[in-house]
Structures are given as structure tokens and as C-alpha cells.
Amino acid sequence: MEFNYAEAFGQTAIPESYERLLLDALQGDASLFTRADEVETAWGLIDPILQAWEANLAPPLAYYKPGTWGPAEANTMLARDGRKWMHEEARHMLES
């Protein structure tokens with residue numbers, strides 16, 4: 001099969017993300033693909049977290065409403081070291 005994207009769709013056609021991925025795969029361009037060692041490293045980091053959650057050995061996941069600055073636990077975590085989020089400081093400056 002012979003296929004030329006530019007001939008089929010025009011020089012200025014911008015492919016959607018999956019079209020781009022498939023086109024790159026057909027052309028042998030692996031730059032947008034994750035290598036196997038990267039996937040293994042990522043799972044090596046995530047697996048212990050998942051196992052700790054499943055065994056109830058870790059704190060529960062903190063949830064928060066969309067559009068907010070995040071869970072209150074994030075503020076508590078930083079406050080332990082005398083720190084705070086920059087948006088908190090900016091909000092205080094605006095309120096003054």
C-alpha cells in the first residue's frame with residue numbers, strides 16, 4: 001500500500017492526535033511513543049503506592065472539588081514546614 005498524507009488530505013491539513021500517532025507509527029517515528037523501560041520505571045514508582053492503598057498502609061487519597069485550589073491536606077502538609085502555596089499569599093495581598 002502506498003499512502004501519502006499530504007496528497008490525500010492537503011499540505012496544510014493538521015491531523016488529530018490519534019491520526020498523528022498512527023501516521024508516526026506507519027512512518028517509523030517513535031518520538032511520541034513511550035519506551036518500554038520508561039513504562040517499567042513508571043509502574044515501579046506507582047505499584048508500591050497502589051499496594052499500600054490496597055493494604056490500608058497509606059493515608060487515603062485526598063479529594064477536592066473541581067475549580068478549587070486543591071485539598072486542605074495540601075495546605076496542612078506545607079504548613080508543617082512553615083510554608084504555604086503562592087496563591088494563598090497572593091489572595092492575602094489582594095484582600096489587604
Side-chain angles (χ1 to χ4, degrees):
M1 177 172 125
E2 186 175 310
F3 176 76
N4 184 302
Y5 194 91
E7 286 178 14
F9 299 106
Q11 292 288 339
T12 59
I14 300 174
E16 295 293 324
S17 52
Y18 283 113
E19 292 171 339
R20 166 75 190 272
L21 202 59
L22 290 170
L23 179 62
D24 287 350
L26 290 170
Q27 293 178 337
D29 180 357
S31 61
L32 296 178
F33 293 86
T34 306
R35 294 187 331 250
D37 62 326
E38 292 173 308
V39 172
E40 289 175 15
T41 299
W43 278 112
L45 297 169
I46 297 301
D47 269 342
I49 296 169
L50 295 175
Q51 291 166 1
W53 278 338
E54 289 170 358
N56 292 322
L57 299 174
L61 185 60
Y63 293 96
Y64 58 96
K65 292 181 182 179
T68 65
W69 285 101
E73 293 87 346
N75 296 330
T76 304
M77 178 185 72
L78 288 179
R80 285 192 301 243
D81 293 327
R83 300 181 187 280
K84 58 186 170 186
W85 295 104
M86 290 183 70
H87 73 271
E88 288 290 319
E89 203 164 295
R91 184 179 58 128
H92 291 301
M93 290 172 62
L94 291 173
E95 291 173 352
S96 301

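Note that the structure is predicted; figures quoted are calculated from it, not measured. Below, each value reflects all heavy atoms present in this structure, side chains not excepted, and no hydrogens, waters or symmetry copies.
- As a member of the Ile/Leu/Val/Met/Phe/Trp/Tyr network built from side-chain separations under 4.5 Å, I49 groups with V39, W43, I46, L50, W53, L61, Y63.
- Once rounded to the nearest 0.5 Å, the distance linking CD of E38 with CZ of F33 reads 12.5 Å.
- Separation of atoms CZ (R35) and OG1 (T41) is listed at 8.5 Å; rounding is to 0.5 Å.
- For OH of Y64, the number of neighbouring non-hydrogen atoms (other residues, nucleotides, ligands) closer than 6.0 Å is 12 at most.
- Between D81 and R83 there is no salt bridge, since no side-chain N of the basic residue sits under 4.0 Å from a carboxylate O of the acidic one.
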